[in-house]
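First comes the structure, then the notes that go with it.
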Amino acid sequence: ALQTHLNDLALRYSQDRVKQARSYLKSIFDEAIEQEFLVKDPSRKVKIPKNLRPKDKRILTWEQLRAVLEKATRRDRLLLMLDMTDALRPSELFALRWRSFDDVNTLSITETVYRRQIRTFGKTPGSMTKVHLPDGLAEELRQWKLECKKTSCKTLSCQNPIHRKASPDDFIFQNADGGFMDTANYRTRVLQPIADDLEIPKLNFQILRRTIATRARTLGSVTDIQSHLRHSRADPTANAYMQELPESVQQMVGTVYELLTTATPSQQIM
């Protein structure tokens, strides 16, 4: 029955999800044996199905990334620009508050969103850190902060914009109720319509993150990209022999921002 269940999952979900389900099954029955509810582990012979879906490895071009930004509204353009430039996970992006932004060139990741709950920890130990913002992106974020203040002021029926300042606890990108946005809802209401308009087969945060990691390989070292994505592991050779250079990471992030905002021939890096 367990094998049939796993085989059925393989027909509907990605191979990573199927492998995760198998891992959960084994953990559940390991605990059951530890608690002496069972004598034998019924999942011991469960194997990964052979009919796993191939991994989705699609990426976008710089032209497609710029086209996505051009199609987006003011708020969504800034949100996606921030996501593309600093390769943020949606759980990190939607949890950002104004206290995370130092009004200069640093953004601190201190919270994440998971299953509609705010958490004080991230996917990996290195996730909760500060990320560098290029000068242009930092200025755009400061302008957005002023716009958010004016919007909040109008919401409160105030006649003087300076009376209502953006609170440090306010989310940088809010939903209609002032709370954090839902990733699935954003993907359906924002990303999918943009993808349809541009005739892009699929557009989500994972594809954007994968695209930036792939396109940035000519802009920095493997260790730089690992640091940029805030992964806990990279290729063993890179981990053993290559050291992180913070200034190189900042330069790479700035170049990504320039490639997203300009389209001169010298910047058409494929």
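These numbers were taken from a predicted model, which means no experiment stands behind them. Numbering starts at 1 and runs along the sequence shown.
- Applying the ring-ring contact (aromatic ring centres under 6.0 Å, His included) test to Phe205 and every residue at least two apart in sequence or in another chain returns Phe94, Tyr186.
- Asp182 and Asn175 share no side-chain donor-acceptor pair at under 3.5 Å.
- One finds no salt bridge joining Glu111 and Arg119 here, because no Lys/Arg side-chain nitrogen approaches an Asp/Glu carboxylate oxygen to under 4.0 Å.
- Here the CG-NZ distance, from Asn105 to Lys130, works out to 12.0 Å after rounding to the nearest 0.5 Å.
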Side-chain polar contacts of residues 188-199 - donor-acceptor pairs under 3.5 angstrom, sequence neighbours left out - could you list them?
from	atom 1	to	atom 2	distance (Å)
Thr188	OG1	Ala184	O	3.1
Gln192	NE2	Asp196	OD1	2.8

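- Side-chain N or O atoms of Gln15 include one that pairs as donor or acceptor with a backbone N or O of Arg53 at under 3.5 Å.
- Thr211 is linked by a side-chain contact (heavy atoms from CB on, under 4.5 Å) to Ile59, Leu60, Leu65, Ile207, Arg215, counting only residues two or more places apart in sequence or in another chain.
- Proximity of Tyr257 to Met84: side-chain heavy atoms (C-beta onward) are nowhere separated by under 4.5 Å.
- Not counting sequence neighbours, Asp177 has no partner by the salt bridge (charged side-chain N to carboxylate O under 4.0 Å, His left out) test.
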Can Leu260 and Met81 be said to form a side chain to side chain contact (heavy atoms under 4.5 Å, CB included), step by step?
CA-CA 8 Å; Leu260 290 169; Met81 179 67 78; 3.8 Å; yes

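- Here the straight-line distance linking atom CG of Asn185 with atom CZ of Arg116 works out to 8.0 Å at 0.5 Å rounding.
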Report the C-alpha separation of Leu82 and Leu133 in whole Å, then their side-chain angles, then the decisive distance to 0.1 Å, and conclude whether the side chain to side chain contact (heavy atoms under 4.5 Å, CB included) test is met.
CA-CA 8 Å; Leu82 183 60; Leu133 297 177; 3.6 Å; yes

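- Salt bridge Asp103/Arg142: absent, no basic N to carboxylate O contact under 4.0 Å.
- Using a 4.5 Å heavy-atom threshold, the side chains of Trp98 and Cys148 count as touching.
- Expressed to the nearest 0.5 Å, how far NZ of Lys47 lies from CG of Leu2 amounts to 14.5 Å.
- Scanning all heavy atoms of the two residues, the minimum distance from Pro49 to Gln3 falls at CG-NE2, 4.4 Å.
- In this view, Phe180 and Val113, Ile118, Phe171 satisfy the side-chain contact (heavy atoms from CB on, under 4.5 Å) rule, not counting sequence neighbours.
- Of all heavy-atom pairs between Ser108 and Leu96, the closest is O-CD2, 4.1 Å.
- Qualifying salt bridge (charged side-chain N to carboxylate O under 4.0 Å, His left out) partners for Glu140, counting only residues two or more places apart in sequence or in other chains: Arg77.
- Under a hydrophobic clustering in which Ile, Leu, Val, Met, Phe, Trp and Tyr are joined whenever their side-chain heavy atoms come within less than 4.5 Å, directly or via other members, Tyr114 and Ile109 fall into different clusters.
- Interatomic distance, Leu78 CG to Leu137 CG, rounded to the nearest 0.5 Å: 6.5 Å.
- Inter-residue side-chain proximity for Val253 and Pro134 is flagged as met; some heavy-atom pair is nearer than 4.5 Å.
- Smallest separation of non-hydrogen atoms from Leu80 and Val68: CD1-CG1, 3.9 Å.
- Screening residues 10-21 for salt bridge (charged side-chain N to carboxylate O under 4.0 Å, His left out), with sequence neighbours left out, gives Asp8-Arg12, Asp16-Lys55.
- At most 12 non-hydrogen atoms from other residues, nucleotides or ligands lie less than 6.0 angstrom from CD of Gln206.
- The two residues Glu92 and Thr112 make their nearest non-hydrogen contact at CG-CG2, 3.9 Å.
- When the side-chain contact (heavy atoms from CB on, under 4.5 Å) test is applied to Asp102, the partners found at least two apart in sequence or on another chain are Val104, Thr106.
- Qualifying side chain to side chain donor-acceptor pair (under 3.5 Å) partners for Arg210, counting only residues two or more places apart in sequence or in other chains: none.
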Step by step, work out the side chain to side chain donor-acceptor pair (under 3.5 Å) result for Asn7 and Asn51.
CA-CA 8 Å; Asn7 292 344; Asn51 60 327; over 6 Å; no

What verdict does the side chain to side chain contact (heavy atoms under 4.5 Å, CB included) test give for Asp83 and Arg89, after you've listed the backbone C-alpha separation in whole Å, the side-chain angles of each residue and the deciding distance to 0.1 Å?
CA-CA 7 Å; Asp83 178 71; Arg89 300 178 178 90; over 6 Å; no

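- At least one side-chain heavy atom of Leu6 sits under 4.5 Å from a side-chain heavy atom of Leu9.
- Using a 4.5 Å heavy-atom threshold, the side chains of Arg97 and Ile172 count as separate.
- Arg99 has a carboxylate O that lies under 4.0 Å from a charged side-chain N of Asp169, or vice versa, which qualifies the two as a salt bridge.
- Residues Phe29 and Tyr24 do not share a hydrophobic cluster, clusters being chains of Ile/Leu/Val/Met/Phe/Trp/Tyr side chains in contact below 4.5 Å.
- Counting all heavy atoms, side chain and backbone alike, Leu79 lies closest to Met181 at CD1-CE, 3.5 Å.
- Between Val18 and Tyr13, the shortest heavy-atom contact is CG2-O, 4.2 Å.
- Legend: ring pair (Phe, Tyr, Trp, His ring centres under 6.0 Å) pairs involving residues 64-83, not counting sequence neighbours: none detected.
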So Arg22 and His5, side chain to side chain contact (heavy atoms under 4.5 Å, CB included) or not? Walk me through it.
CA-CA 10 Å; Arg22 179 178 179 269; His5 172 66; over 6 Å; no

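- A salt bridge does not link Lys71 to Asp76: none of the charged side-chain nitrogens sits closer than 4.0 Å to a carboxylate oxygen.
- The hydrophobic cluster containing Ile48 also contains Leu25, counting ILVMFWY residues as joined when their side-chain heavy atoms lie under 4.5 angstrom apart, directly or transitively.
- Qualifying side-chain contact (heavy atoms from CB on, under 4.5 Å) partners for Arg115, counting only residues two or more places apart in sequence or in other chains: none.
- When side chains are defined from C-beta on, Leu208 counts as touching Leu203, because their heavy atoms get closer than 4.5 Å.
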In a table with atom names and distances, give each donor-acceptor pair under 3.5 Å that connects a side chain of residues 34-42 to protein atoms at least two apart or in another chain.
from	atom 1	to	atom 2	distance (Å)
Gln35	NE2	Glu31	OE2	2.8
Asp41	OD1	Ser43	N	2.9
Asp41	OD1	Ser43	OG	2.7
Asp41	OD2	Ser43	OG	3.2

